[in-house]
2 protein chains.
Amino acid sequence: MGMSRQIYLDHGATTPILNEVLEEMLPFFKERFGNASTFYKLGREARQAVETARERVATLIHAMPEEIVFTSGGTESNNMAIKGTAFAMQDKGNHIITSAIEHHAVLDTCEYLQKFGFNVTRLPVDSKGLVNPSDLEDAIRDDTILVTIMHANNEIGTIQPLKELAKICNEHEVLFHTDAVQSIGKIPVDVRDLGVDMLSISAHKIYGPKGVGALYIRDGVAIDPFLHGGGQERGKRSGTENVPGIVGLGKAAELAKNTLEDEMKRLTELRDMLVRGILSIDDTFLNGHPEKRLPNNVNVGIRYVEGEALVLALDMKGIYVSTGSACSSGSGMPSHVLTALGLSPEDARGSLRLTLGKSNTKEDIGYVISTLSEIVADLRAMSPLTR
Amino acid sequence: MGMSRQIYLDHGATTPILNEVLEEMLPFFKERFGNASTFYKLGREARQAVETARERVATLIHAMPEEIVFTSGGTESNNMAIKGTAFAMQDKGNHIITSAIEHHAVLDTCEYLQKFGFNVTRLPVDSKGLVNPSDLEDAIRDDTILVTIMHANNEIGTIQPLKELAKICNEHEVLFHTDAVQSIGKIPVDVRDLGVDMLSISAHKIYGPKGVGALYIRDGVAIDPFLHGGGQERGKRSGTENVPGIVGLGKAAELAKNTLEDEMKRLTELRDMLVRGILSIDDTFLNGHPEKRLPNNVNVGIRYVEGEALVLALDMKGIYVSTGSACSSGSGMPSHVLTALGLSPEDARGSLRLTLGKSNTKEDIGYVISTLSEIVADLRAMSPLTR
């Protein structure tokens, strides 16, 4: 394909919408544009579509439809779960536990709550990115009201022992929330089996539209609403329902469920090929866990080059990758995730995240490995970062 | 057109997307799906599209682009403005002033803040729905940190003397926020001329997509972020940018600006026709202000019938109208707006809102008037609500 070849390897940042998803959304922009909270025919049609989507999302995570609240995305879901719990339970306690490698939507939300008198414990992780369950056990206090630990990390793909962590919380009667934005659609997510009380979902990470997500709230768990207003979503999340977006999330959830098993196998194979290929370059290392890892995540350290320079050089070859997460790239700060693993600032800055998805093929992987090898050699040849 | 005739008269609840808007959005779902916070080509394209949209929204309201923050809709904009101000300024004071006829996204947000120690004054309105500026002057105290009064009411269309209200706030150095969700695109909105500090916008009320909106925050005004996370929107509103939605809002804003003057004239004429026609039915009355009123809003009381029954009967004739706002219909409670005007619960329950828009023609109006007259006569003939 020559110059016009484009290989997208940043599926952890966002994904293109699937044709089937967009097609199902389109009628709700125009012909079936009704407000889902109105009672005439146009409104009832919209309501029906919203409820079908709710069932599909519930099915994907083994929840009941009434446990799904639609939001504007993963960030809102995380803000809602954490602030909603904190403000609902502040007379019971003001201690929140999280991990050092959460997404900023969790970390910054927890930090903001300190202004309201909440105390936050950030659990460390080991060199592979795992939280130690006994650290959680030790951190829980009488005034702990919430534990929020992600399912799989967005930068390094490490999958936490969520079931074990949730069990500890259940035993101590502390609510457990997990940011599952990266794990949904990549590995099985069963809220009953995991034992979580709340779980955040984003549509645009699973080939659905941007601007829509969901929060699973287990039946019986009462948190404060985050958006106040017209009382939509049974009073849990006000705001006119984003019908096309919700329909898109529903369809994306259905497709994710149907293709999960095959994609897991296929992506794991591609991932392992890519890891082997990159690690065959001198002075490289894998970040994150070798096995307890998302099937589509590769995060590698490449010594004596700058990650940002690699991103730009690959961009010019039509290969799209990132350093760290899209949300904090460009800040100039080394990734808080990589530094939490114990990486030096230099090693953290030379790290690259490649996240695979539906469009990637074996051919792509070969091309990426050879292109990256050349670029690394070139950059190192002229790099001020000498060995 | 017989049986299949459909006349949509609920543009205050939501509007269908315009072709030009949807067409401009479509590429950003698939081909140009990049995350706007990434730095390779796909990401830069998305960023560019977001900034073009920001300029268009700014132009519509005579703001600077950097004063526009994209949100998930009018409800989030209102929550962000009110909670963001309250939490940022709680050491300066804890008093908030609003009006009795605000949308629930304002009223319920203010009410929620009481839990955090804020005091809320709800200004009354006169029988036409107007806030008296001297009431505002009297209500401002040393500890007042925010006044939030809507530009035009969503149920009765009354347009507040916003410039006068904002001037009082400016003189007292109190921040002034306005919910302009209903006025944008219907009447001129110039944030400099009005003198407001914050202003809420929703896309789906101006033929743009659901699930996206904006908050104007005057340069120099610092409020707390409402959504914490990756630091998008220059740290003011985290969450992956809803690129297609934002592009849609931008295009809708551009079109609203271009068609504003002509539509104002056209809709005012249709509105007055519709009002005259309905008021020619016995025992009917107009709610709201006869002149200081949105060009597309009709709200009428029809005695001795139930509003809900009218909505259903009109629905069967393909005419879509509402009682009150979409957000509170179905609650069984009489509208807080109509009761604030001094209407009895019975009169409030018999009221109907008809909100005009681009698709409506003179022919429609004639058909609606004759159909409504017949339905009212039928319902009254069998109604238990006797005169």
Side-chain angles (χ1 to χ4, degrees), chain A residues 8 10 13-17 22 29-30 33-35 37-43 72-76 78-79 87 103-105 108-109 111-112 115 202 204 209-212 224 227-232 238-245 311-312 314-315 320 322 325-331, chain B residues 8 10 13-17 22 29-30 33-35 37-43 72-76 78-79 87 103-105 108-109 111-112 115 202 204 209-212 224 227-232 238-245 311-312 314-315 320 322 325-331:
Chain A
Y8 184 72
D10 205 12
T14 194
T15 57
I17 205 163
L22 185 56
F29 285 109
K30 281 180 58 188
F33 68 92
N35 185 316
S37 298
T38 55
F39 292 100
Y40 41 77
K41 183 160 160 277
L42 262 182
S72 69
T75 292
E76 184 187 324
N78 285 334
N79 273 258
F87 293 148
H103 188 278
H104 280 290
D108 291 23
T109 299
E111 195 185 318
Y112 179 65
K115 156 173 175 163
S202 165
H204 78 98
K210 293 176 177 65
V212 60
D224 275 13
L227 280 163
H228 291 83
Q232 288 88 348
S238 291
T240 298
E241 295 87 346
N242 174 3
V243 182
V311 169
L312 289 174
L314 286 167
D315 180 12
Y320 303 137
S322 74
S325 75
C327 302
S328 55
S329 57
S331 68
Chain B
Y8 184 71
D10 205 13
T14 194
T15 57
I17 206 164
L22 186 56
F29 284 109
K30 279 180 60 187
F33 67 93
N35 185 315
S37 298
T38 55
F39 292 99
Y40 41 77
K41 183 160 160 277
L42 262 183
S72 69
T75 292
E76 185 187 325
N78 285 333
N79 273 258
F87 293 147
H103 187 277
H104 280 291
D108 290 22
T109 299
E111 194 186 320
Y112 179 64
K115 154 172 176 163
S202 166
H204 78 96
K210 293 177 178 65
V212 61
D224 276 13
L227 280 165
H228 291 83
Q232 287 89 347
S238 292
T240 298
E241 295 87 346
N242 174 4
V243 181
V311 169
L312 289 175
L314 287 166
D315 180 12
Y320 303 138
S322 73
S325 74
C327 302
S328 55
S329 57
S331 67

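Here is how names work: the chains are called A, B, and so on, in the same order as the sequence lines, proteins then strands, and each is numbered from 1.
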Taking every heavy atom of Thr75(A) against every heavy atom of His228(B), the minimum-distance pair comes out as CG2-O, 3.5 Å

Heaviest contributor of heavy-atom pairs below 4.5 Å to chain B, chosen from Asn79(A), Thr14(A), Leu314(A), is Asn79(A)

Flag, side chain of Asp315(B) to backbone of Lys41(A), donor-acceptor distance under 3.5 Å:
yes

Turns out that what part of Asn242(A) lies under 4.5 Å from chain B's heavy atoms comes down to both

| query | Can you check whether Phe87(B)'s main-chain N or O pairs, donor with acceptor, with Lys115(A)'s side chain at less than 3.5 Å? | reply | yes

Cut-off 4.5 Å, heavy atoms of chain B, and the answer for Glu241(A) is backbone

Of the listed Gly239(B), Gly43(B), Ser202(B), the one with the largest count of heavy-atom pairs under 4.5 Å with chain A is Gly239(B)

- Classify the angle between the aromatic ring planes of Tyr40(A) and Tyr8(B) as parallel (below 30°), tilted (30 to 60°) or perpendicular (above 60°). perpendicular

* Are the side chain of Lys210(A) and the backbone N or O of Gly245(B) linked by a donor-acceptor pair below 3.5 Å? -> no

When the 4.5 angstrom heavy-atom criterion is applied to Leu22(A) and chain B, the contacting part is side chain

All heavy atoms of Ser72(B) vs all of Glu76(A), minimum pair found to be OG-OE1, 4.3 Å

Interface check, chain A: of Gly74(B), Gly73(B), Ser238(B), most non-hydrogen pairs under 4.5 Å belong to Ser238(B)

So, the part of Thr15(A) with a heavy atom under 4.5 Å from chain B: the answer is backbone

Yes or no on side-chain contact (heavy atoms from CB on, under 4.5 Å) for Thr38(B) and Asp10(A), after CA distance, side-chain angles and deciding distance?
CA-CA 9 Å; Thr38(B) 55; Asp10(A) 205 12; 3.6 Å; yes

With chain A, the option among Thr109(B), Leu312(B), Leu227(B) that has the most non-hydrogen atom pairs under 4.5 Å is Leu227(B)

Heavy-atom closest pair (Phe33(A) atom, Pro16(B) atom, distance to 0.1 Å) is CD1-N, 3.3 Å

